[in-house]
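Here's the structure we're looking at; comments come further down.
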Amino acid sequence: MSQTILLPERPPGAVALLLNGIFGENPVFRLALSLCPAVAVTTTVANGIMLGVAVLLVQVLSSVTVALVRRGIHPRVRIPAYTIIIAVWVSAIDMTLAGYFPVLYAQVGLYVKLIVAFAIIISRLEVFASRMPLIPTFWDGLGMGLGFLFALVVIGAFRELLGSGAILGHVVTPEKPLLFFALPAGGFFTIGILMAFFNALERWKRGGKAPTAAGGGAHG
Amino acid sequence: MSAPAAGSGGAPGRAAAGPPTWAPGETWRIVLSMTLICAAGAAILGGVYLGTERYAEASRQRNERAAVTELLSLGSDATVKEIRQFLSPARDAVIYRTGEAGADAGGNGTAEGAARAPREFVFALDGTLLRSGEIASANAGEKGLHPLGRIFVASRDGAPAGFVVEGEARGYKNRIRFFVALDREWRIAGVRVVEHEEDPGLGAEVATDWFQGQYVGRDLDGAANLDVTKDPMPEDWRDALRRRGTADDPAWTERYGPLRSRESDRPIYAVTGATISSRALTDGVRATILHFRRRWELLEPYLRAAGEGA
Amino acid sequence: MSAETIAPPEPAPFVIAPGPHVRAEETTTKIMWTVNAALAPAALWGALVFGLPAVGVIVAAVAGAVASEAVAGRVVRTRTSVRDGSAFCTGLLLALTLPPLVPLWAAFLGGAFAIIFAKTIFGGLGYNLFNPALIGRAFLMATLPLPMTAGWITPAPFFANAAAVTTATPLGAWREQGITAAMNLLGGAGSPWVSLIVGLRPGSIGEVSVLLVVLGGGVLLARRIITPTIPLSILVGVLLTTAPSGQAGLHLLSGGLWLGALFMATDYVTSPSTRNGQIVFGLLIGALTGIIRIYGGYPEGICYAILLANTLVPALNLWFRPRRPVFAGAPS
Amino acid sequence: MDSIRPGRFASRHVTSAALGLAFLLLFAATAAADGGDAVIRGARVRAPHHLRLELTRPASSLDPANFRLTDARAPDVPIEIRSVVAEEGNAVLLEVNDRLDPSAAYRIEMLDPAAARDVRPAPWALLLTVVLSSALINNFVFTRYLGLCVFFGVSRKRDTAISMGITFAVVMILSAMLSWGLFTFVMAPLKLKFLQIIVFIGVVAFLVQALDTILKKTHKSLHQRWGVYLMLITTNCIILAVPLLNAAAESGPAESFALALGSGVGFAIALFLMSCAREKLELARVPAAFQGLPIAFTLAGLFALAFMGFSGLTFLR
């Protein structure tokens with residue numbers, strides 16, 4: 001999975017890194033799992049944007065911090081140090097969101113705090129930020145963060161449209177078409193269906209060969 | 001199970017590798033770097049905490065005042081006084097504290113408000129006044145007090161303009177916090193859910209304008225007998241409620257007035273599939289109004305005597 | 001064993017297959033159409049007393065199930081076909097558990113959802129973990145709570161029901177207003193008990209006539225398509241949990257208890273394969289039904305009780321292993 | 001087969017320890033509850049509008065004015081009593097205007113003969129409700145999506161799932177109680193609540209390390225079997241969620257324990273059911289696009305649909 005991806009000798013360019021984060025290694029649909037609590041709680045686009053932005057900020061800030069201070073961190077305590085860095089940024093963003101967007105925050109607050117436990121963030125620090133210079137690290141963090149945001153917005157839109165017949169709170173249909181998708185059970189189905197869709201897309205691109213990612217390993 | 005958690009994958013393996021390469025100088029470097037990281041983190045967090053806390057408090061107060069004036073359909077020229085209600089630590093007395101000067105509406109803390117020190121009124125459970133007087137700060141010594149919600153008293157040009165009472169109910173999952181607005185004639189001017197954790201699409205519908213619009217216009221008697229029905233809402237009434245905004249609008253009232261008077265004697269129509277949430281909010285609104293009515297009857301004469309009356 | 005046996009992807013050390021789920025296609029087809037025939041009297045009765053809306057719901061649900069079986073089966077190339085009658089059976093069972101006033105598009109959608117998400121994506125007949133018809137019903141419960149909990153009409157034999165008037169079911173009335181209200185609702189045919197047994201009461205399309213449902217179940221029992229173990233255990237479970245409330249009679253005769261006990265809990269694929277497992281399974285369904293009806297959030301609990309018990313079937317199959325291998329075979 | 005033994009052994013000990021702790025707490029809670037009054041022997045909310053009192057002596061008057069009923073959350077406002085009816089054996093039935101909540105606390109006072117009593121559900125019933133609610137109705141996996149990583153990661157084999165479930169439940173209870181103590185006695189008085197994320201992570205990491213070391217020293221075989229799972233727990237959302245939820249609700253010790261117990265048991269149940277289902281799924285011919293995680297998510301969705309049957313379940317009626 002993500003930890004074992006081999007890095008090229010020279011850091012790739014900004015555009016490649018961004019695209020990789022959004023599509024190639026989309027942290028939700030392709031690398032799967034690590035973010036599922038956040039993904040599944042997005043019953044609306046607004047929630048998706050809120051959580052997506054929170055994850056984006058945490059990822060970029062932590063990546064940049066690690067890239068800046070990595071020489072000062074002893075390898076022996078790398079993991080605890082990374083955890084502290086992530087926790088600090090999560091706390092900071094948590095407080096900021098709670099202060100500035102109290103209404104939205106009330107719905108997703110617990111999950112903003114739990115960003116600290118998303119294994120994919122720390123794995124990005126391990127794989128990329130601890131070895132690469134500052135600039136590519138920034139682009140990689142941004143790409144991954146945008147990938148989260150993209151996935152969360154897609155899922156939020158899917159569920160809000162089907163579940164409450166609205167997009168960003170604007171009513172599209174007066175009656176709720178399929179309330180099911182706004183419920184927890186519907187969230188699982190949404191992710192299952194979207195993942196299957198991306199799998200099928202990948203198979204089709206490779207001419208029928210089985211996909212490699214989204215196989216179901218164990219991320220913490 | 002080939003790949004253990006990223007978060008822990010490195011640490012145990014490394015620890016098991018043992019200390020052959022351990023050098024005394026390294027320990028200091030590790031301690032130093034971790035201390036620095038922690039110190040920097042603490043500094044960042046402390047700064048963010050101080051920065052956001054003040055802003056959050058200010059924005060909370062601003063939002064609440066905006067909600068009060070909107071619920072009562074008042075302009076920004078209205079004055080809003082805040083009264084906090086508490087139960088004493090021994091639960092044997094009710095304490096009312098008038099708000100500080102900063103709690104005036106629209107941010108334009110008037111000279112009158114600024115001059116007045118917060119007051120405290122303490123009543124026994126049977127309604128006798130135990131003591132009253134000025135206190136140093138409205139926030140002083142809140143420890144151990146059980147909050148009973150707040151009352152916002154609005155006035156315009158020195159004349160009373162209505163109340164907004166804060167209430168709480170136990171919803172389907174967690175508590176529902178809401179405001180009930182009463183106009184000068186003690187009619188419900190509006191209900192607004194400000195905090196809830198109900199299921200989206202189901203219980204969360206109690207926080208919508210159309211559901212809350214059902215309460216509007218009921219008088220004290222109607223409020224005391226509020227009930228919930230599982231019957232489907234009549235289509236014309238649903239349509240009317242959907243067209244109604246957050247505040248009362250004369251054009252709406254003119255058009256749908258007859259519907260409103262038809263429905264004002266009927267129970268609240270429960271949200272489909274969320275009777276528990278609908279009932280929780282309705283029971284909460286009813287209890288909040290009944291409690292407020294009794295407390296205000298007690299408190300109002302003393303407030304007026306102290307020159308705090310609205 | 002038949003030629004249709006599916007080879008596991010890799011040689012498993014030992015496979016405890018639940019029950020006789022591998023059958024010759026011939027047998028499956030025969031069994032499924034027998035079940036459909038056994039359901040016919042109850043379905044016809046529902047159509048008779050609830051009129052055109054009920055007919056529409058039955059047709060729509062069956063159409064949804066059969067159409068999605070045909071389409072989805074082709075897309076993912078399962079080996080089941082429309083002709084074996086299992087999709088028809090799923091659609092019919094779903095329709096029989098629905099209130100008569102469910103919108104037709106919803107009935108169609110429920111049938112499609114049941115087939116696609118409870119059956120096809122698990123590889124078709126024989127691999128599903130949950131009863132597809134009940135998944136369809138639970139999906140509709142979550143999607144359209146209003147018609148699903150309030151779409152009942154008063155029965156009127158022989159299409160006498162010109163304007164359908166919505167009403168409550170006996171169980172709903174019992175929960176909301178108590179036993180007297182429930183009994184008043186059942187005054188139709190003289191004694192409330194006669195109304196319950198004959199089927200002159202508001203309720204889901206196929207569940208109202210206990211008599212005809214039991215008749216259909218009797219046919220299945222006589223043809224040895226099902227055994228009485230599971231239905232009897234369910235009845236005992238309901239009796240045990242509802243007796244303290246003093247209304248065991250009402251609970252045993254109302255709601256979809258008999259339809260669920262005889263036709264859905266006995267589904268080969270989603271019930272345990274050994275007798276002891278089946279007894280535990282049945283008792284669990286009965287107890288959950290009683291608990292949900294009395295303490296839960298819904299007036300009727302059999303649907304969720306069976307689904308919850310379905311989640312335990314793989315575990316029950318492990319806990320109550322047969323001493324010797326069960327040969328999947330013809331029910332002699 | 002040999003390796004299963006330590007697991008069995010441990011599971012039995014862990015279960016009995018947890019049960020013992022639960023009973024101890026229940027006992028303490030019941031003992032602390034008020035023992036009743038000499039006159040009012042029992043009081044119980046019977047129906048939304050009815051309260052039944054069991055008296056040792058007959059009430060001298062059935063006038064509603066003889067009684068004063070208040071909500072514990074508003075003891076200054078009496079609840080209007082519509083009528084008082086005498087029942088068999090000195091019992092009286094009060095009919096009130098408000099809808100009474102059987103899970104809330106009330107106080108009933110009687111003027112003649114003078115008596116007072118708190119009306120509240122038995123502590124064990126409240127705690128049982130919290131446990132049931134967090135284990136079944138609001139199962140962390142099926143309604144809050146927490147712990148999905150582990151849920152999908154280790155639910156492929158039943159043995160692994162059982163060990164993981166038990167390990168999780170134990171660590172969850174321990175870390176929740178430790179975090180509760182820190183939060184209530186250190187962080188809240190020092191106004192350091194904003195450090196909760198870091199502190200709770202630290203607590204979990206510390207606890208996992210400590211358990212690992214203790215197990216390694218004392219029960220080698222146990223450590224061989226469970227050490228791996230302990231390490232997987234270190235930073236996991238479900239373990240972290242319990243203290244965070246407790247902190248947000250400012251729960252007391254009993255509630256915190258009940259929430260941790262319920263969540264742990266709920267997670268173990270979900271893991272066990274899923275592992276059984278997935279073993280069966282091994283044989284299924286799942287369409288190619290759905291193989292792997294998509295089918296696992298769909299399956300979890302079906303479980304969640306079935307678990308909706310528990311919604312609204314309460315024994316406080």
Side-chain angles (χ1 to χ4, degrees), chain A residues 32-41 79-80 83-84 86-88 90-92 94-95 98 109-120 122 180 183-204 208 210-211 213-220, chain D residues 138-156 194-202 204-205 231-241 244-245 247-248 278 286-308 311:
Chain A
L33 277 185
S34 303
L35 276 178
C36 29
V39 172
V41 80
I79 298 297
T83 310
I84 291 176
I86 296 174
V88 165
V90 169
S91 301
D94 178 64
M95 285 187 280
L110 176 68
Y111 295 86
V112 172
K113 290 192 175 79
L114 288 178
I115 291 176
V116 77
F118 291 165
I120 197 112
I122 204 168
F180 173 73
L183 301 178
F188 283 108
F189 275 91
T190 308
I191 303 171
I193 293 169
L194 286 175
M195 272 184 182
F197 171 74
F198 276 77
N199 269 358
L201 210 67
E202 189 74 11
R203 278 169 60 87
W204 176 73
H219 279 282
Chain D
N138 298 317
N139 186 293
F140 267 24
V141 176
F142 296 135
T143 64
R144 290 192 196 253
Y145 307 95
L146 297 176
L148 287 191
C149 329
V150 173
F151 178 67
F152 289 125
V154 301
S155 61
R156 288 205 192 150
F194 67 94
L195 285 180
Q196 51 176 307
I197 299 175
I198 298 179
V199 172
F200 293 162
I201 279 205
V204 175
M231 279 305 144
L232 273 176
I233 291 175
T234 315
T235 50
N236 194 280
C237 44
I238 193 166
I239 295 274
L240 213 53
L244 285 175
L245 283 173
R278 283 181 88 174
V286 175
F290 270 93
Q291 270 164 20
L293 276 176
I295 191 75
F297 266 97
T298 316
L299 193 56
L302 291 176
F303 272 102
L305 205 54
F307 267 64
M308 278 178 68
S311 73

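Every chain is numbered from 1, with letters handed out A, B, ... down the list of sequences. Model, not experiment: these values are computed from the prediction.
In this structure, A:Asn199 and D:Gln291 approach most closely via the heavy-atom pair ND2-O, 4.0 Å. A:Leu110 approaches D:Ala241 most closely through the heavy-atom pair CD1-O, 4.4 Å. Taking every heavy atom of both residues into account, D:Thr298 and A:Gly192 meet most closely at OG1-CA, 4.2 Å. Across every non-hydrogen atom of D:Phe194 and A:Met95, the tightest pair is CB-SD, 3.6 Å.
In this structure, D:Leu244 CG and A:Asp94 CG are separated by 9.0 Å, a value rounded to the nearest 0.5 Å. Rounding to the nearest 0.5 Å gives a distance of 7.0 Å between SG of D:Cys237 and CZ of A:Phe118. A distance of 7.5 Å separates CD1 in A:Ile84 from CD1 in D:Ile198, rounded to the nearest 0.5 Å. With rounding to the nearest 0.5 Å, the separation of CD1 in A:Ile86 from CD1 in D:Ile201 is 8.0 Å. Distance check, rounded to the nearest 0.5 Å: CE of A:Met195 to CZ of D:Phe297 gives 4.5 Å.
The most heavy-atom pairs under 4.5 Å with chain A, out of D:Phe290, D:Phe307, D:Phe151, come from D:Phe290. Counting heavy-atom pairs closer than 4.5 Å to chain A, the top-ranked of the candidates D:Gly202, D:Gly147, D:Ala289, D:Ala306 is D:Ala289. Of the listed residues (A:Pro184, A:Ala87, A:Ala185, A:Ser91), the one with the most heavy-atom contacts under 4.5 Å to chain D is A:Pro184.
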Derivation and outcome, side-chain contact (heavy atoms from CB on, under 4.5 Å), residues A:Val116 and D:Phe200: CA-CA 11 Å; A:Val116 77; D:Phe200 293 162; over 6 Å; no

Does A:Phe188 form a ring pair (Phe, Tyr, Trp, His ring centres under 6.0 Å) with D:Tyr145? I'd like the steps, not just the answer. CA-CA 9 Å; A:Phe188 283 108; D:Tyr145 307 95; 4.8 Å; yes

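D:Ile238 does not touch chain A: none of its heavy atoms, backbone or side chain, sits under 4.5 Å away. Neither the backbone nor the side chain of A:Phe197 has a heavy atom closer than 4.5 Å to any heavy atom of chain D.
In this structure, the side chains of D:Met308 and A:Leu183 come closer than 4.5 Å at one or more pairs of heavy atoms.
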